[in-house]
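Have a look at the structure below, then the notes.
Basis for what follows: all heavy atoms, side chains included, without hydrogens, waters or symmetry-related copies.
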Amino acid sequence: MFSSIQQQFLAYWKKLSLGKQITMAALVLSVLILAPVLVTWANAPSYSVAYTGLSEEDAAQIVQKLDENNIPYQLKNTGSIEVPSDQVYTTRLLMAREGLPQSSTVGYELFSGTSMLGMTEFSQKVNYQRAVEGELERTISSLDAVQAVRVHLVTPEKSLLSSDQALSTASVTIQIRLGKNLDASQVRSVTHLVASSVEGLKPENVVVVDSEGNLLADGMATDSESDQSLKDDQRAAELAYAAEVQKNVQTILDTILGPNRSVVKATVEMDWTQREVTSNIFAPTEVAIRSSQIINESSSDGGTSGGVAGAASNLPTPVATTTSDGTSTYQRSEETLNYEVSQTQTHEVIAPGKVDRVSVSVMVDNITDTAQLASIKSAVEVAAGIDSTRGDQIVVESFAFDRTAMDALSADLAKQQQQELYMQIGMAVASAMAILGLLFIILRMINNVRNASKETWKTVLKPVSELAALQDTGVKTALTQPQTPSALPMPAQSLSSQVATAIRENEDVVVQVNSKARLATAAEDDQNAKVIARLAEENPATVAEIIQIWLNESKKAS
């Protein structure tokens with residue numbers, strides 16, 4: 001089967017012109033080259049950044065480990081390494097297990113495998129200082145907001161007199177990660193970390209700067225730790241309150257005016273003084289009787305009799321009595337009232353953090369309607385909780401926003417997205433065209449091979465013995481006449497096409513003609529002539545018999 005298909009394909013290939021052969025070969029070659037490229041591009045994994053900002057030493061070690069673990073990677077530059085997106089975290093964990101990256105710092109491993117024999121005291125001190133600096137850099141780099149750090153320590157020689165002893169100092173340079181920030185409490189943590197790691201170093205002697213030259217800690221004595229922490233907390237509370245006010249106002253303005261058409265800035269001042277107030281309030285018009293005392297006394301002596309005072313009058317034997325005819329009267333009355341004035345006593349503790357004043361500034365984009373500005377101001381006052389009696393301030397102004405930079409950025413972004421879209425569309429169209437071209441070529445080849453395999457053959461001449469027996473019947477004409485128009489006018493013209501397609505096996509010769517003989521060309525006639533000449537050389541008797549039969553038929557027809 002395959003051999004027949006191959007022969008048919010070779011026959012079809014020979015029929016093509018040189019230009020068509022070159023075109024088809026170029027198309028097949030292009031498809032063979034482009035198909036693997038497209039398949040590779042479609043199956044190529046997406047890469048993500050695993051490490052950036054590496055030193056050359058760390059990058060070399062990480063690349064070596066990636067090669068050892070058969071992990072694909074890409075180097076954007078000497079400090080950035082990309083790995084497949086689904087292997088980013090696995091790669092980082094694997095490198096962390098190997099202690100990479102080391103950020104090119106040397107810690108206490110500086111003393112590992114190093115002989116102290118023959119090393120001077122100065123070299124030992126320098127190595128110890130390098131080790132401490134490296135360990136501090138590693139520790140500070142573990143902070144989430146820190147991308148890179150350098151630590152420098154200055155430890156003076158010890159003096160005999162403590163009054164002449166110079167203080168140890170340190171400087172720290174921090175590169176902050178993009179989108180991160182170090183607040184005052186974190187900076188103090190760094191200064192205390194460095195101070196606690198070096199003998200004789202105080203936190204106020206540590207200077208901290210960022211990679212842009214901003215001073216984060218000036219190395220001067222500050223307030224106590226508790227006071228500074230309290231100030232930071234208070235400042236953080238004010239900023240949080242201001243952020244909440246800005247969020248509320250910005251939400252309303254974005255709903256009313258649309259996004260990016262307003263700018264809100266809020267400032268909050270709080271009273272952090274803690275007070276205790278005790279007040280006594282007296283109501284002089286409201287009185288109450290607290291206590292009262294009333295004494296009444298009365299005495300009267302008129303015509304009374306009685307004995308002599310003493311023991312004699314009390315004896316059983318009666319004694320002489322005295323009688324008085326005079327009169328005596330005594331009377332006493334006393335009243336005491338104590339009143340209490342109404343009093344109210346209040347003890348009040350005022351906690352710190354009371355809002356002292358709120359200031360809100362609002363800028364809107366190109367709104368000239370005064371009524372609309374007034375409405376916006378009223379809405380902002382309610383949203384921000386403005387209290388005029390407290391001294392709060394609010395300003396709403398209209399300006400034409402300068403959107404040049406934003407428009408340029410948006411245009412660049414849109415252009416970049418459009419270019420990426422065009423690239424994707426171009427790749428998709430090229431892939432589709434390549435696939436369609438490949439399918440067209442394959443289908444055309446299959447169709448040509450199928451057409452070649454569908455060629456039907458009809459028997460036009462039987463063996464000479466059968467033809468002689470059938471000369472007297474009507475079947476002879478149907479068997480001997482070719483089915484092509486070119487064979488009808490003259491038997492000599494049909495001779496070439498009939499004999500050229502004859503099948504020769506042993507002594508039985510069957511000549512067949514293609515049902516598609518009407519498509520024969522001059523090249524086919526030449527080939528048929530060659531076949532006739534070869535048949536005449538190999539079996540001249542048979543050719544002579546065939547010619548004799550055709551001559552007899554032509555005489556009868558005439």
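- Under the side chain to side chain donor-acceptor pair (under 3.5 Å) criterion, N338 pairs with S291, not counting sequence neighbours.
- The two residues S48 and S85 come nearest to each other via the heavy atoms OG-OG, 2.7 Å.
- Minimum interatomic distance between M95 and I62 (heavy atoms only, all atoms of both residues): SD-CG2, 3.9 Å.
- Remark: E276 pairs with H347, V349 by the side-chain contact (heavy atoms from CB on, under 4.5 Å) rule, at least two apart or across chains.
- Evaluation of the side chain to side chain donor-acceptor pair (under 3.5 Å) rule for S196 yields no partner, not counting sequence neighbours.
- A donor-acceptor pair under 3.5 Å is absent between the side-chain atoms of Q274 and the main chain of P352, judged by distance alone.
- Q419 places a side-chain heavy atom less than 4.5 Å from the side chain of K415.
- Residues meeting the salt bridge (Lys or Arg N to Asp or Glu O under 4.0 Å) test with E68, sequence neighbours left out: K65.
- Residue pairs that meet the side-chain hydrogen bond (donor to acceptor under 3.5 Å, both in side chains) test with at least one member in residues 363-381, sequence neighbours left out, are D365-R403.
- With sequence neighbours left out, T173 forms a side chain to side chain donor-acceptor pair (under 3.5 Å) with no residue at all.
- For the residue pair Q124 / Y128, no side-chain donor-acceptor distance below 3.5 Å is found, with atom types taken as modelled.
- E212 meets the salt bridge (Lys or Arg N to Asp or Glu O under 4.0 Å) test with no other residue; sequence neighbours excluded.
- Annotation: side-chain hydrogen bond (donor to acceptor under 3.5 Å, both in side chains) contacts involving residues 250-269, sequence neighbours excluded, comprise Q250-D254, Q250-S262, E269-R357.
- Using a 4.5 Å cut-off on side-chain heavy atoms (C-beta onward), V208 and L182 make no contact.
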Steps toward salt bridge (charged side-chain N to carboxylate O under 4.0 Å, His left out) verdict (R235, E238): CA-CA 5 Å; R235 184 57 180 166; E238 292 177 351; 3.3 Å; yes
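- Under the rule for a side chain to side chain donor-acceptor pair (under 3.5 Å), S279 has no partner lying at least two apart in sequence or in another chain.
- You'll find the side chain of V380 reaches within 4.5 Å of the side chain of L253, heavy atoms only.
- Between the side chain of Q186 and the main chain of D183, a donor-acceptor pair closer than 3.5 Å is present.
- Considering only residues two or more places apart in sequence or on other chains, A236 meets the side-chain contact (heavy atoms from CB on, under 4.5 Å) condition with none of them.
- Among residues two or more places apart in sequence or in another chain, the salt bridge (Lys or Arg N to Asp or Glu O under 4.0 Å) test is passed with K180 by D144.
- For R92, there are no salt bridge (Lys or Arg N to Asp or Glu O under 4.0 Å) partners two or more places apart in sequence or in a different chain.
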